[in-house]
Structure formats: structure tokens, C-alpha cells
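Below: one structure, written as C-alpha cells.
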Amino acid sequence: MGHSAAASLSHLQVSHPCLVSHCCVCVLSPHAGERPPITQEEWLAEFAKYQQSPEFRLAHAHMTVEDFKFIYFMEWAHRMWGRWALLMG
């Protein structure tokens with residue numbers, strides 16, 4: 001995210017994790033067994049939700065659904081690894 005976009009987001013007074021971390025594309029519930037979208041329809045629906053976020057409009061308006069899938073999987077894997085590490089720790 002560019003510096004000016006991050007600065008724009010930092011002034012928003014909301015508690016959504018995407019706006020706090022400046023890097024969230026997937027919103028996962030705290031329940032085990034969360035799975036990423038599988039079908040093209042699920043991906044398009046998830047991407048449409050992300051397109052409504054200020055983060056998308058301010059910093060990632062150029063993003064395609066394929067770009068979104070890559071970043072989503074990276075975030076999803078990181079969160080699943082974190083849950084696993086917490087359980088094992």
C-alpha cells in the first residue's frame with residue numbers, strides 16, 4: 001500500500017481489521033474449519049465484498065480477482081498457521 005493511501009486510511013475511525021492492519025483481504029471468523037472460497041461464484045462474491053472496502057478503493061483498485069486470490073490465500077494460510085501454532089504452543 002502506498003504511503004498516501006495508508007495515511008488516508010489511518011484517519012478512519014472504524015474497528016474493521018482491514019482498516020487497522022492495512023493489509024486484510026479475507027475476513028475469517030474465529031471458528032475452526034474456516035475454508036477459502038472454492039467455486040468461481042464464491043470467489044467473485046468474496047472479491048465483490050472486498051471491492052466495497054476503503055482499502056480497495058484507496059490502494060488496490062487495480063487488483064484483479066486473480067491478484068485477490070493470491071493475496072487471500074497468503075493471508076488465509078498465515079492465519080491457519082497461527083491457529084495451529086497457538087494450539088500446539
Side-chain angles (χ1 to χ4, degrees):
M1 176 180 300
H3 179 59
S4 62
S8 297
L9 286 174
S10 67
H11 297 297
L12 297 174
Q13 298 297 317
V14 293
S15 60
H16 191 280
C18 290
L19 299 178
V20 175
S21 70
H22 306 296
C23 64
C24 175
V25 297
C26 63
V27 178
L28 301 175
S29 72
H31 306 292
E34 190 76 38
R35 70 165 181 81
I38 295 174
T39 67
Q40 185 65 11
E41 292 79 23
E42 290 174 340
W43 277 112
L44 292 174
E46 197 67 28
F47 186 51
K49 285 188 240 174
Y50 178 63
Q51 288 176 310
Q52 300 305 311
S53 72
E55 178 185 354
F56 177 83
R57 290 190 303 271
L58 292 171
H60 299 133
H62 63 279
M63 184 181 284
T64 67
V65 71
E66 293 304 314
D67 297 331
F68 176 76
K69 285 179 182 182
F70 175 77
I71 293 171
Y72 189 104
F73 271 121
M74 294 298 287
E75 250 187 69
W76 179 83
H78 180 257
R79 290 180 186 197
M80 293 301 112
W81 176 81
R83 289 177 182 179
W84 179 81
L86 182 63
L87 289 172
M88 295 298 148

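The analysis underlying the following values was restricted to heavy atoms, covering all of them including side chains, and did not include hydrogens, waters or symmetry mates. Keep in mind it's a predicted model, so treat the numbers as computed, not measured.
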Of all the heavy-atom pairs spanning E42 and I38, show the shortest one and how long it is.
OE1-N, 2.6 Å
Hey, are the side chains of E75 and H78 touching, using non-hydrogen atoms and a 4.5 Å cut-off?
no
With sequence neighbours left out, write down each residue that passes side chain to side chain contact (heavy atoms under 4.5 Å, CB included) with Q51, or none if nothing qualifies.
F47, A48, F56
Name all residues meeting the side chain to side chain contact (heavy atoms under 4.5 Å, CB included) criterion together with Q52; count only those two or more places apart in sequence or in a different chain, and write none if there are none.
none
Going from CH2 on W81 to CH2 on W76, what distance comes out if it is rounded to the nearest 0.5 angstrom?
15.0 Å
Does the ring center of Y50 lie less than 6.0 Å from the ring center of W43?
no
Mind checking what makes side chain to side chain contact (heavy atoms under 4.5 Å, CB included) contact with L87, not counting sequence neighbours?
none
Tell me, do I71 and H60 make a side-chain contact under 4.5 Å, heavy atoms counted?
no
Taken in chain and number order and not counting sequence neighbours, the residues that satisfy salt bridge (charged side-chain N to carboxylate O under 4.0 Å, His left out) with E66 are K69
Euclidean distance, F70 CZ relative to T64 OG1, rounded to 0.5 Å
12.0 Å
